[in-house]
Every structure is written in C-alpha cells, then in structure tokens.
Amino acid sequence: MKKKTEVFRRNYLKKRCFGEFGGRYVPELLIQALDDLEACYLQAKTDSHFQRELKSVLQSYGGRPTPLLFAKNLSEELTELRESRKSSALRKQRKQPLKIYIKNEGILHTGAHKLNNVLGQALLCMRMGKRELVAETGAGQHGLAVASVAAKFKLAAKIFMGEEDYFRQYPNVYAMKNLGAKVIMVSDGTRRLKDAVNAAMKYWIENLKTTHYLLGSALGPFPYPLLVRDFQSVIGVEAKKQLKQAEGRLPDLLCACVGGGSNSLGFFTPFLSDAKVAMLGIEAGGKSMKLGEHASRMKEPKLGIVQGYKSYFIQNADGQVQPTHSISAGLDYPGIAPELAYLHQQGRVKFLSASDKEALEGFRKLSEKEGISPALECAHVIGKLPVIIQRYPEASFICVNISGRGDKDIFITAKHLDKDAWREFLKRELRSLR
Amino acid sequence: MKKKTEVFRRNYLKKRCFGEFGGRYVPELLIQALDDLEACYLQAKTDSHFQRELKSVLQSYGGRPTPLLFAKNLSEELTELRESRKSSALRKQRKQPLKIYIKNEGILHTGAHKLNNVLGQALLCMRMGKRELVAETGAGQHGLAVASVAAKFKLAAKIFMGEEDYFRQYPNVYAMKNLGAKVIMVSDGTRRLKDAVNAAMKYWIENLKTTHYLLGSALGPFPYPLLVRDFQSVIGVEAKKQLKQAEGRLPDLLCACVGGGSNSLGFFTPFLSDAKVAMLGIEAGGKSMKLGEHASRMKEPKLGIVQGYKSYFIQNADGQVQPTHSISAGLDYPGIAPELAYLHQQGRVKFLSASDKEALEGFRKLSEKEGISPALECAHVIGKLPVIIQRYPEASFICVNISGRGDKDIFITAKHLDKDAWREFLKRELRSLR
Amino acid sequence: MKNKFDIKFSAAKAEGKKIQLMAHMLAGYPSVSVNKETAWAMEQAGADYLELQLPFSDPLADGPVIMRGNHHALKKNFSLEKGFRLIEDLASGQNMPIFVMSYYNLPFVFGLEKFMGILEQVGVSGVIIPDIPFDDESEEYIQRMSAFKLHAALVISPGTSSKRLKAIGKKASGFVYTTLRTGITGAKQTLSHEGLTQFKKIRRAFPKKLALAAGFGISRPEHVKALEGKVDIAVIGSKLILLTVERGPLAVGEFISSIVSSIVS
Amino acid sequence: MKNKFDIKFSAAKAEGKKIQLMAHMLAGYPSVSVNKETAWAMEQAGADYLELQLPFSDPLADGPVIMRGNHHALKKNFSLEKGFRLIEDLASGQNMPIFVMSYYNLPFVFGLEKFMGILEQVGVSGVIIPDIPFDDESEEYIQRMSAFKLHAALVISPGTSSKRLKAIGKKASGFVYTTLRTGITGAKQTLSHEGLTQFKKIRRAFPKKLALAAGFGISRPEHVKALEGKVDIAVIGSKLILLTVERGPLAVGEFISSIVSSIVS
Ligand SMILES: Cc1ncc(COP(=O)(O)O)c(C=O)c1O
Ligand SMILES: Cc1ncc(COP(=O)(O)O)c(C=O)c1O
C-alpha cells in the first residue's frame with residue numbers, strides 16, 4: 001500500500017514542481033488563469049522587448065542596480081569576536097579577517113526587494129490585457145510596491161490585508177491609500193498574511209477575466225514560485241557581479257532572511273551552480289520554539305499542501321495550519337517557498353532561526369556599525385551573525401542580503417528600544433489632532 | 001555719503017562671495033577653522049584620490065546614480081490642462097505634448113539629497129584629522145544623513161535640533177539615536193532650524209580643534225556655500241547626462257524646491273552655462289503672505305547678514321530675523337543660499353512660492369499619478385506645476401528635482417489627509433504601549 | 001460491494017426523478033449534535049445525498065459563510081478524529097450516500113491511504129477535494145480512489161474549455177460537479193447566467209451515463225427548478241449552513257421539503 | 001572733538017591704574033529702566049567703560065545667558081529706536097565712555113552710515129561688531145568708523161595666529177578685544193589657561209600704545225586680579241547680566257565695587 005502512494009506522489013504533477021514540492025493544488029476554475037499566466041510568462045521570458053522594458057523600469061522607477069557595500073565595521077567586530085573565541089593555541093595562527101558585504105535592497109523605491117517582483121508581474125498583467133491587480137500584504141511592503149506600480153501603470157489595485165496587520169501597520173495602509181489603491185481589511189482566520197492570501201485568491205477567482213493576482217513571494221500555485229524567483233533573481237545577478245568585482249572571487253557564504261522565500265531565492269539562485277558558495281536562510285525564531293510563538297518551518301519540517309502548493313507548513317497533526325509569531329510582519333507566514341523546501345532537502349541551502357531579540361539586536365547593530373537601519377526581516381540575519389560565523393568557521397567572505405530598510409518598522413522598534421519617549425511623542429501627536 | 005558705503009560694500013570681502021552675497025561674517029575665532037576647511041576642500045577638489053573615494057561611497061553607500069523617470073501620467077494630465085486653457089483658435093493648432101521628468105533623489109540612502117553633501121563633508125572631516133561631526137537639523141533629514149554617515153565612518157555625531165522640530169519630527173530623532181548620534185534639543189529663540197544652526201555653530205566654536213561643523217545647506221560662511229553646492233552638483237551632473245540620453249536635448253526648464261538652497265543649486269549648477277535652460281526655484285508659501293505665515297524670502301527680498309553670510313532673510317525693518325511657517329520642516333528656514341540670491345539678482349533663476357495646500361496637493365498628485373510619494377519639500381514643486389506651465393508656455397520639456405521621499409512626513413500628511421483613521425491608529429498604538 | 005451512490009443514483013434515474021438533491025453540511029458546525037439532527041431532517045425532507053465537509057484552516061474555494069464555519073468548528077476543537085466518528089455515525093444512522101468534501105491537506109497529512117481506507121470502511125461513497133484539479137496526472141488519483149471503491153468527484157467550472165471537459169469526462173468517476181459561477185461558494189439571490197447556459201457544452205463533452213451535479217449559489221426552490229433537465233443533481237451549500245445556524249435543523253428540513261415539492265409539482 | 005574713550009584711557013594710564021573695567025549691559029534686558037539704574041550703579045562702583053549690547057535675534061557669539069537676554073528683550077518689543085533713545089540717555093546721564101556692541105545685521109539693515117552717524121552724534125566712543133572679522137578688506141570698515149570718530153574695536157581669540165595678530169595690530173583702532181577662551185560668552189568658575197597665557201604673544205604682535213581688553217568668562221574679583229598687568233581693560237559680561245536679573249542693579253554695583261577694591265589693594 002505504501003508503494004502505491006509513492007507512485008501516486010511521484011506522478012501527480014510531474015511537471016511544475018521542484019522535486020516533490022510545488023505544484024498547483026487549486027480549484028479547477030483557476031487552472032485556465034494559471035495556464036494563461038504561465039504561457040504569458042514563458043513568452044515574456046524570452047522576449048527581448050519585455051526584458052528590456054523590465055530592465056528599464058527596474059532602473060528608472062526602481063533605482064536599480066542596488067549597491068553592494070563592504071560592512072567594514074561589522075566585519076572588524078565579528079573578526080574580533082571570532083578571534084576571542086579561538087583556543088589560545090589557534091590564536092597564534094594568522095588572524096583571518098572576516099569580510100562581510102551587504103547587498104542593499106533597502107535602497108529600492110518603496111524600500112524593499114518586493115518591487116522587483118511587482119514590476120515584473122505588473123508588466124505581465126498588462127501583457128495579458130488585464131487592468132486590475134489584486135494582492136495580499138502582511139507588513140505592507142508588498143502592498144506598497146503594488147500600489148505604487150499600479151499608480152505608475154494606471155492599473156487598479158486591491159490590496160487585502162489581515163485585520164491585525166491592517167491596524168499594526170496602518171502607516172503603510174495610509175501610504176497605499178494615498179497611492180490610490182483600495183486596501184481591504186480581512187477579519188477572518190488568524191487575521192494575518194495567510195488570511196489575506198486566502199481573501200486575495202478568492203477575489204481573484206471571482207474576477208479572473210479582468211484581474212491579475214500579484215502574489216508577493218515565491219510560493220502559491222505554479223507558475224508563481226517560478227516567476228517570482230526569476231523576477232527576484234536580479235538581486236543575485238547583480239550581487240554576483242559586484243562581489244566578484246569587489247574581491248575577485250565568489251563569496252564563501254550567502255545569508256538571507258526567509259519569509260515566503262522571495263528575497264532569499266532571488267539572491268541565491270544565480271549562485272546555485274557555484275558549489276563552493278554555501279547558502280543559509282534565516283527564519284523567524286520569534287519568542288520561543290513553542291507552537292504559535294515562532295515562524296520557523298524548517299526546525300521540524302512538516303510537509304503539507306496549502307494555498308495551492310506543496311511545501312513545509314506550520315501545522316498541527318491534523319494538517320490544520322497554525323498561528324505563528326514574529327516581531328517582523330514579513331516573516332510570520334506559515335508556509336515557505338517550495339523551491340526552498342527542495343533546496344533544503346537537497347542540502348543545498350541550510351536554515352537557522354533568529355529570535356525576536358536577535359532581530360532587534362541586529363537592527364541596532366547594523367544601524368550603529370554601518371549607519372544602515374535594516375528592515376526587521378533582514379535584521380534577523382545580522383543578529384544571527386555571531387552564531388553564523390561560528391557555524392561556518394571556514395567562511396571568511398560573506399554576503400548578507402538586506403531585503404529592505406527599517407523605516408517601516410519604527411512603530412515596532414521604537415516600542416522596544418525607546419518606549420517612554422515614543423509614548424510621549426504619540427501622546428503629543430494625539431493632542432495635536434484634537 | 002551713499003557712495004562711500006557702496007565702495008565699502010564692494011570691497012569688503014572681495015573674494016568669497018557671489019556678487020555681493022556670501023562672505024564670512026563670523027567672529028574672528030572662526031576664521032582659522034574656515035581657512036583650514038577651505039584649504040582642505042580646495043585640495044580635495046583636485047585630488048583624484050579624494051574624488052574617487054567620494055564617488056565610491058556615493059555609489060556603494062548612497063546608492064547613486066539616482067534615477068531619472070519620465071512622469072508619463074503627470075505629463076499627460078498637464079498637457080490636457082494646458083490644452084483646455086487655450087483659446088479655441090489656438091486649440092486648433094498642433095497639440096504640444098508636455099514632457100515632465102523627475103530626478104529622484106528620494107531613492108538615496110536616508111531618503112533625501114542631503115546625503116550627497118554629508119558624505120563629501122565627512123570625508124573632508126577625516127582629511128582634516130577630526131573625529132567629531134556637529135550638525136543642525138530641522139526636519140531631521142540632514143541629521144539622519146549625518147548620523148548614518150558618522151556611524152559608517154566611526155565619527156562621533158552631535159545633532160542640534162530645535163525643540164519644536166525635536167518633538168514634531170521625533171521619529172527622526174529616534175532614528176538618529178539608534179544610529180548612535182547624540183541629539184541635542186535647542187529650546188532658544190524660535191526653537192526651530194535657525195536656532196539649531198546657532199547652537200551647532202556655538203558648539204563648534206567651543207570645540208574647533210576636534211570637530212567639524214557639517215552644515216546642511218548651501219549657506220553659512222564661506223566656504224560652506226561653495227562646497228555644499230559642489231557636493232550637491234552630482235544631482236545636476238547625472239541629470240544632465242540622463243536628460244540628454246532620454247530626449248536628445250537639454251530641457252527647457254528645471255524646477256526645484258528651495259529651503260536653504262542645496263538641492264536646487266546642486267541640480268541647477270551644471271546647467272548654468274546652458275543659456276536656453278530656464279530655472280525656477282519654489283519656496284514655501286505657507287498659509288499666507290503675512291509675515292510669520294510663510295518662508296518666501298524672494299517675494300520681497302530683504303538683504304541681511306545673519307549666521308555668517310550675506311543674503312536675503314525674512315526679517316523686520318530693524319533687521320531682526322522673523323519666525324517663518326511651512327508645512328514642510330525643510331523649507332522654513334528664514335535665509336537663502338547666497339548663490340541663489342545672486343542668481344536671482346542676475347535673473348538667471350526665477351522664484352515662485354507654493355502654499356501648504358499646494359504642497360499637499362503635489363504630494364497626492366505625484367503619489368496617485370506616478371506611484372512616488374515625494375517629500376513635502378519637493379511636493380511644493382509638483383503642486384505648483386499647473387501654474388508653472390502657464391508661466392512658461394514655451395517650455396515643453398521640464399525636469400523636476402524630487403529632493404526626497406515622503407515617508408518622513410507621514411505624521412504631517414496623515415494629519416491632513418486621513419485625520420480620523422490616523423487618530424484611531426495613534427490611540428491604538430498608545431494603548432499597546434501601556 | 002457496489003458503491004451506495006451508484007445504487008441510489010440509478011434507482012432514482014430509473015424512477016424518472018427529474019432532479020436529485022445533495023445537501024451540504026459542515027462537520028462540527030455549529031456542533032456535532034446539530035450536524036446529526038440536521039442530517040436527520042435532511043433525509044426526512046427528501047434530500048438524496050449528503051456532502052459532508054471536514055473543516056480546514058484555509059478553505060480556498062469557500063466563501064465567507066462556509067469559511068467562517070470552518071474556523072468556528074476548528075476553534076471549538078473539532079478534530080479529524082471527531083470528524084471520522086461523525087462520518088461513521090452519519091453513515092450508519094441514515095441512508096443518504098455520503099460524499100466527504102475537504103481540502104487536500106487533510107488526507108495528505110493524515111496519510112492518503114489511511115484516510116481513504118477509513119472512509120471506505122465506514123461506507124462513504126466518494127470524496128470531493130476541490131484543490132486537486134484535473135491534470136494528466138490526476139488520473140492516478142482517480143484510480144487510487146476507485147481502488148478504495150470511492151468516487152473521486154471532479155469539479156469543473158463555467159470557464160473550463162471543451163477540450164478539457166472532454167478529457168475530464170473520460171476520467172471522471174461517480175459524478176462531475178460543476179460550479180454555477182466562476183467563483184467561490186456562497187448563496188446568491190439569483191443564479192449566474194453564465195452558469196445556466198453552460199450545460200449543453202458540458203453534456204456534449206461528457207459521456208451520457210456520467211452524472212452531473214451543479215452547485216454554488218443555490219438558495220431558492222426556483223433555482224433548483226431552473227436546473228431541472230439540465231443536471232442530475234443540485235447541490236445546496238451555504239444556504240443550508242446559514243439556515244442551520246440561524247434557524248436550526250428543522251428550518252433546513254422545511255427548506256428542502258419546499259424544494260422537493262416544487263420539483264414534484 | 002576727541003573721542004571720550006581716548007581721553008579717559010590715557011588719563012587712567014597716566015594715573016597708573018593697573019587695570020580698567022568695562023561693564024557689559026544688554027539693552028532692554030530686563031528693561032530699559034533697569035538698564036539705566038544699572039548703569040548708574042556701575043559708574044558709582046567704579047566701572048570705567050560701558051559696553052552696551054543691542055539685542056539681535058541671532059547673537060552668534062553669545063552663550064546662553066546673553067542669548068536668552070537678547071530674545072527676552074526682543075519679545076518685550078525692544079526696538080532699534082528704543083535702543084538709540086537708551087544710548088542717548090546713557091551717554092548724557094553718566095560719564096563712562098560707551099561702546100555699542102551688536103551684530104552686523106542691525107547697522108547693515110538700518111543703513112551703516114545712518115547708524116554710525118547717530119552713534120557719533122550722541123557721543124558714543126566706538127562699536128564692537130563681532131561678526132565683522134578682520135580681513136584684508138575690513139580696513140575699509142575701520143576707516144569708515146574713524147571717519148565717524150568711532151573706534152572699531154576688533155575682536156581676537158587665543159587661536160589667532162601671530163601673523164594675523166600683526167596685521168590686526170596695524171589696523172586696530174581704540175582697543176583690541178581678546179576673548180579669554182576660544183568660545184562663546186558666558187561666566188565660568190575659572191578662567192581658561194589658554195586665555196591667560198596668550199598675552200605675551202599678543203603684546204609682542206601689537207604696537208605698544210594699542211589698548212588691550214580681555215573678556216569671556218570673568219566672574220570673580222580674582223579673575224580680574226589675574227589679568228592685572230597683562231591687559232589694560234577687563235570686560236565683564238554674562239556675570240553682570242546674571243546679577244542684574246537675579247539680584248538687581250545694586251548687586252551689580254556691589255560686585256563691581258568688590259573688584260575695584262581688589263584691584264586697588
Ligand atoms: C523587507 C522584507 N524582507 C523580507 C520579507 C520576507 O519575504 P520573502 O521571504 O519573500 O523575501 C518581507 C516580506 O514582507 C519584507 O518586507
Ligand atoms: C527632502 C528635502 N528637500 C529639500 C530640503 C530643503 O533644503 P535645500 O533647499 O538645502 O535643498 C530639505 C531640507 O531639510 C529636505 O529634507
């Protein structure tokens with residue numbers, strides 16, 4: 001009986017998957033739309049006109065290329081830390097200086113890597129003759145990118161956002177509204193990103209002919225994981241060239257935070273065939289490893305099929321998806337990109353998680369050391385570096401993808417790092433509103 | 001008697017001025033420091049190593065070059081507006097499409113053009129062997145850039161900020177503190193930018209040997225107006241190349257907002273010798289043209305000598321500098337760059353002012369039309385475009401400098417554009433802090 | 001042992017029944033005891049088949065009413081174990097053939113073989129899993145189900161192309177469920193025009209003997225009446241859930257009765 | 001008519017006075033009437049010269065005490081017109097030669113010729129404008145002032161180079177004011193070491209007959225005592241302003257008396 005199931009698994013969805021992960025587990029009525037999208041994308045991929053146009057908007061609208069920066073002060077501190085941990089015998093050996101570079105996607109218009117994918121998909125939307133975008137958003141960064149690009153391309157935009165996120169990330173709601181997008185609060189389920197995805201998909205199902213669902217990460221049913229990854233790969237393509245130029249060789253290790261998986265995959269992909277480049281994804285460790293207090297899907301990976309794709313999900317024994325927690329709204333999604341699940345299975349990409357506390361520490365560290373305040377998502381990576389360099393003692397040339405800038409998190413970080421003054425500030429603002 | 005005074009005026013400060021504007025009207029004890037800075041800068045200016053290093057940090061840290069974008073939707077709307085105003089006879093003539101481009105300095109790290117100057121001066125500071133920066137800030141954008149660059153270069157940073165600004169721009173105070181800078185509240189005078197300049201200068205005077213005063217705009221005593229302009233000219237140099245590439249010719253008109261004058265001068269300078277390129281500076285018209293309710297120095301220019309330089313100031317008949325108002329904290333300074341005063345006198349640069357209302361309208365317009373939320377400072381220009389195109393009927397190719405992005409202004413714009421929801425949001429945040 | 005659905009369906013056909021009714025119910029919502037009372041009322045009123053949905057955290061194809069029902073049941077700790085017990089009770093306590101509807105993750109995580117084995121054992125007639133779309137490879141899935149003597153009812157929609165319909169028709173087992181709208185579940189005031197005009201195309205693509213069910217949006221006797229002669233089975237979903245929760249099992253019975261009598265008349 | 005300062009200064013020198021006192025006062029702060037009482041008390045106590053500062057919105061060289069005084073006076077609507085009236089009253093109501101201290105913008109905006117003409121007319125001895133630094137071209141400024149029979153007292157600081165000092169010495173008129181610190185005005189507990197050790201260098205650079213004044217930070221009789229023999233005039237600023245505001249004109253008189261007696265003894 002076991003064997004039969006395996007045959008079934010292997011055959012079902014022969015294509016459209018990464019190993020056993022991915023697929024398109026959706027109601028039949030979505031198949032046509034997914035087929036159309038796939039066909040449109042595959043055409044566009046080899047259409048030099050499309051690629052030129054994409055490149056042009058990435059540059060003129062997005063501000064690409066984004067810079068690569070040698071994080072000199074951070075490198076020095078971590079070199080010292082690594083030295084101080086060595087046994088006295090080893091310490092006598094030559095000191096191996098660590099070189100940490102950051103690829104800064106926070107420079108991008110709207111403040112995060114999300115824009116890369118949004119510009120690509122918006123062009124696809126128009127190519128399909130559709131004039132409306134629908135999207136989910138958690139922290140609001142993806143929604144902000146969608147709202148901005150929709151304005152630029154004169155597309156209508158409907159952004160679904162969980163009630164929890166709607167209120168805690170209201171500044172982004174406000175920004176999206178200003179850009180002319182319609183933001184719809186989702187009060188079902190966990191009232192978070194996952195439920196916004198459900199709502200957006202349903203809106204799409206009801207309006208397939210006129211709308212394009214602009215999914216924000218490298219997940220969901222095929223071809224989304226593929227095209228989102230491809231559109232984000234500009235990060236890695238640029239970084240590879242820049243890193244070679246900076247050090248004359250490829251780095252030993254790449255690190256990126258992993259929410260859905262789009263920034264990490266975009267960063268990693270162009271290096272996948274370079275066997276000597278190790279890759280590490282950092283998930284949200286939240287408050288603890290107790291169910292509901294983190295968003296680490298890789299700690300004890302549980303295979304599932306949710307929201308149209310097969311991958312690892314945070315779920316209970318019955319297969320019910322469970323609530324998550326992270327200080328960063330961009331990392332608290334319960335699923336993960338099927339391609340990352342595959343790369344994990346293959347051992348190509350490793351995973352660690354960083355706690356809320358480590359993320360805050362990372363936020364402060366990069367601010368103080370390099371004058372760059374990272375988004376809390378990628379701050380997880382910075383906060384984890386002291387552990388990472390211990391796990392990878394051979395790595396001396398590391399590149400971290402900074403997926404976004406930290407401005408958007410002010411209401412969260414200030415609450416933790418500057419509580420009293422922040423409270424006074426809010427009180428004053430409230431008074432001024434009367 | 002009249003004539004004698006004129007001779008005096010003409011001779012005093014023969015050098016170090018733009019026509020009659022500029023100079024260095026400071027206590028004797030600052031002269032040595034200004035001489036040192038001037039010498040250092042003039043050396044650096046022709047030192048290819050310095051220039052290379054500056055270029056490198058502008059790129060790897062700042063994210064330069066910043067993009068030039070064709071504002072297609074805005075152009076179309078304004079073309080229609082212009083058409084609709086034509087007499088019916090004229091309307092029969094060929095329709096002349098307007099082309100409006102924006103140079104987007106909002107892409108820059110820390111969100112505004114301020115960084116260009118800060119990186120340049122920080123390098124000068126180190127070149128002089130100094131390890132501490134002191135700076136004034138109004139909206140906090142200059143302070144944020146200083147705090148960031150200080151962190152990157154391991155310099156100490158003291159940022160002076162008027163009490164009014166400290167509280168209304170607290171999010172930037174918080175950001176600066178996170179970056180490791182010391183932010184000092186100034187409770188004297190109008191408790192605004194002007195008083196922060198006074199305080200910063202005094203701190204500098206007391207600590208000349210170890211600190212560099214990193215002035216944030218193209219004003220103050222020589223050589224500041226010169227070097228700030230030069231460091232900001234990268235905007236215009238890039239824009240010139242990009243505009244030529246985009247349209248095969250130079251634009252008819254350049255527009256920029258004018259606070260101190262650094263973004264406008266940086267944008268204009270490389271075009272000054274191109275006689276066919278008209279230039280327009282937009283000042284803060286505030287609530288009305290009543291003294292105290294605006295910050296337009298050019299409406300009725302009054303020559304004065306304040307904070308070390310001769311230029312136009314908002315002052316009363318006695319020469320006492322008067323309070324100003326603008327919805328944008330970056331445009332409410334009572335003085336103006338001496339070089340702009342000179343260019344105005346020569347008729348090379350014209351000036352208009354935009355009201356608070358027009359600025360908010362400009363903020364919304366660029367958000368909705370192009371998906372780019374501008375800082376309120378440069379939003380003044382966008383809001384004034386309907387008038388500008390009427391004043392310049394021959395201009396069909398216009399470039400606007402977007403000096404910064406609008407994120408920083410959320411507490412101001414939300415108050416105006418989304419009052420009730422914003423109030424609820426703040427209340428909720430406050431509750432969550434208990 | 002022949003599948004209960006096949007027996008009942010051919011019998012009804014033979015009787016000349018113009019249209020049959022499949023009544024939808026959400027396990028654990030509002031409670032297991034209400035589920036049981038409702039099933040009883042449905043059968044009494046003349047429903048032919050029972051579609052029993054097992055709640056899932058992310059019911060992709062469901063509109064607000066059923067989705068919130070899913071969440072409600074899960075919040076009240078409805079588990080798969082309780083689900084199996086309910087199915088067993090319903091399968092033995094009444095005579096409508098049962099189709100278990102759920103999303104793929106539940107059998108997938110539980111173990112497909114184990115899951116289907118249990119369903120077969122308690123006498124379920126088939127499964128409806130909307131997030132297994134038809135694909136060249138889903139043939140395998142249908143075969144697996146038939147090895148368990150379970151129909152794998154496929155779902156199509158007004159947008160499905162003729163070519164695809166043909167392929168589906170070839171593989172389908174038990175019945176094919178067509179949605180009346182390109183959309184998600186939910187009771188509507190009127191049926192979609194798009195939905196009502198599709199049947200010729202569908203019938204043409206399908207083998208004659210294949211049963212055709214239709215649902216999504218049915219909320220009035222007239223709706224069912226409009227489907228007469230066009231499909232074999234009308235599926236009523238959100239409307240019954242609403243009635244159950246707002247007015248109780250007896251109201252569900254009354255509503256079904258009113259339909260049944262409108263069909264007969 | 002000879003400048004009042006020149007007359008008084010040479011007389012005091014001739015008398016063998018070891019050090020003379022210039023007392024600072026801020027016009028309109030805390031009020032004009034207090035200004036007048038204070039001037040009277042200063043003269044009674046033995047101050048030699050009066051430095052009268054006209055308030056300005058942005059007093060670049062002033063520390064917190066004097067700066068806030070400037071702002072206070074302006075807030076109470078102190079105007080240039082009131083300033084001229086006060087100067088006139090003080091010039092006629094007492095005998096200390098007066099130096100008007102202000103920032104350049106006031107005479108510049110008012111009209112330099114008109115401004116200086118008024119000062120000359122009411123008998124002021126000179127002006128101190130700290131934001132006109134010495135420059136090749138400030139020669140012109142000094143000449144203009146002397147055409148008005150006004151001394152243009154130049155300000156130097158401990159950091160001024162010997163080369164510059166020589167140049168300044170050549171042009172200076174009346175007296176040169178050296179700050180005791182590289183800094184802004186303000187009473188301090190102790191005088192800066194840097195300030196106290198600079199005088200040899202300064203004297204060497206200047207012509208013998210040029211009067212040298214020193215200020216910034218003087219707050220005790222000992223401070224003045226320490227300057228004896230080093231400079232000709234000690235200027236007391238913030239300390240007197242503080243005393244005026246906190247304890248009134250009489251306290252100012254007492255303080256100056258205590259200095260005068262410490263000098264004499
Ligand atoms: C700045 C930033 N980084 C990372 C993420 C995580 O998404 P992903 O893993 O798809 O890059 C988000 C999602 O909102 C984000 O805003
Ligand atoms: C975004 C932005 N634009 C413009 C200005 C005005 O300064 P300037 O005229 O020197 O460019 C400021 C000053 O804070 C600013 O932050």
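If you're wondering where the values come from, they're calculated on a predicted model, not measured in any experiment. Letters A, B, ... are given to chains in the order of the sequence lines, protein chains preceding strands, and every chain is numbered from 1.
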For B/Gln315, is it the side chain, the backbone, both or neither that has a heavy atom under 4.5 Å from a heavy atom of chain D? side chain

Which one, D/Ile156, D/Ile129, D/Thr182, D/Asn105, leads in non-hydrogen pairs under 4.5 Å with chain B? D/Asn105

How many angstroms lie between atom CG of D/Leu60 and atom CG of D/Asp131, to the nearest 0.5 angstrom? 7.0 Å

For B/Asp318, is there an ion pair with D/Lys82 - N to carboxylate O distance below 4.0 angstrom? no

B/Ser187 (side chain) donor-acceptor with B/Glu163 (main chain) under 3.5 angstrom: no

Under 4.5 Å from any heavy atom of chain B, what part of D/Arg164 do you find: side chain, backbone, both or neither? side chain

With salt bridge (charged side-chain N to carboxylate O under 4.0 Å, His left out) as the rule and sequence neighbours excluded, what pairs involving residues 284-306 of chain B come up? B/Glu283-B/Arg297

Do the side-chain N and O atoms of B/Tyr213 and B/Gln121 include a donor-acceptor pair separated by under 3.5 angstrom? no

Parallel, tilted or perpendicular: which describes the rings of D/Phe99 and D/Phe5, with under 30° parallel and over 60° perpendicular? perpendicular

Looking at D/Thr160, D/Ile184, D/Thr179, which makes the most heavy-atom pairs under 4.5 Å with chain B? D/Ile184

With under 30° as parallel and over 60° as perpendicular, where do the rings of D/Phe110 and D/Phe115 fit, or are they tilted in between? perpendicular

Do we see a donor-acceptor contact under 3.5 Å between the side chains of B/Tyr224 and B/Asn117? no

Got a donor-acceptor contact below 3.5 angstrom from the D/Ser173 side chain to the D/His151 backbone? no

For the residue pair B/Tyr203 and B/Phe160, categorise the inter-ring angle as parallel (less than 30°), tilted (30 to 60°) or perpendicular (more than 60°). tilted

Side-chain (D/Asp232) to main-chain (D/Leu212) donor-acceptor, under 3.5 angstrom: yes

Which one of B/Asp188, B/Asn316, B/Val321 has the most heavy-atom pairs closer than 4.5 Å to chain D? B/Asp188

Is it the side chain or the backbone of D/Phe56 that comes within 4.5 Å of chain B heavy atoms, both, or neither? both

Which of residues 204-212 of chain B get closer than 4.5 angstrom to chain D, counting heavy atoms alone? B/Ile205, B/Glu206, B/Leu208, B/Lys209

Less than 4.5 Å to any heavy atom of chain B: does that hold for the side chain of D/Pro107, its backbone, both, or neither? neither

Could you please state which residues from residues 65-77 of chain D sit under 4.5 angstrom from chain B, measuring non-hydrogen atom to non-hydrogen atom, sorted by number, or 'none'? D/Met67, D/Arg68, D/His71, D/Leu74

Report which part of D/Leu154 has an atom under 4.5 Å of a heavy atom belonging to chain B: side chain, backbone, both, or neither. neither

Value rounded to 0.5 Å, distance of CD1 in B/Ile159 from OH in B/Tyr166: 12.0 Å

Donor-acceptor list for residues 191-199 of chain B side chains, cut-off 3.5 Å, not counting sequence neighbours:
from, atom 1, to, atom 2, distance (Å)
B/Arg192, NE, B/Asp332, OD2, 3.2
B/Arg192, NH2, B/Thr324, O, 3.4
B/Arg192, NH2, B/Asp332, OD2, 2.7
B/Lys194, NZ, D/Asp58, OD1, 3.2
B/Lys194, NZ, D/Asp58, OD2, 2.8
B/Asp195, OD1, B/Thr190, N, 3.3
B/Asp195, OD2, B/Thr190, N, 3.0
B/Asp195, OD2, B/Thr190, OG1, 2.3
B/Asp195, OD2, B/Arg191, N, 3.1
B/Asp195, OD2, B/Arg192, N, 3.2
B/Asn198, OD1, B/Gln307, NE2, 2.7
B/Asn198, ND2, D/Asp58, OD2, 2.8

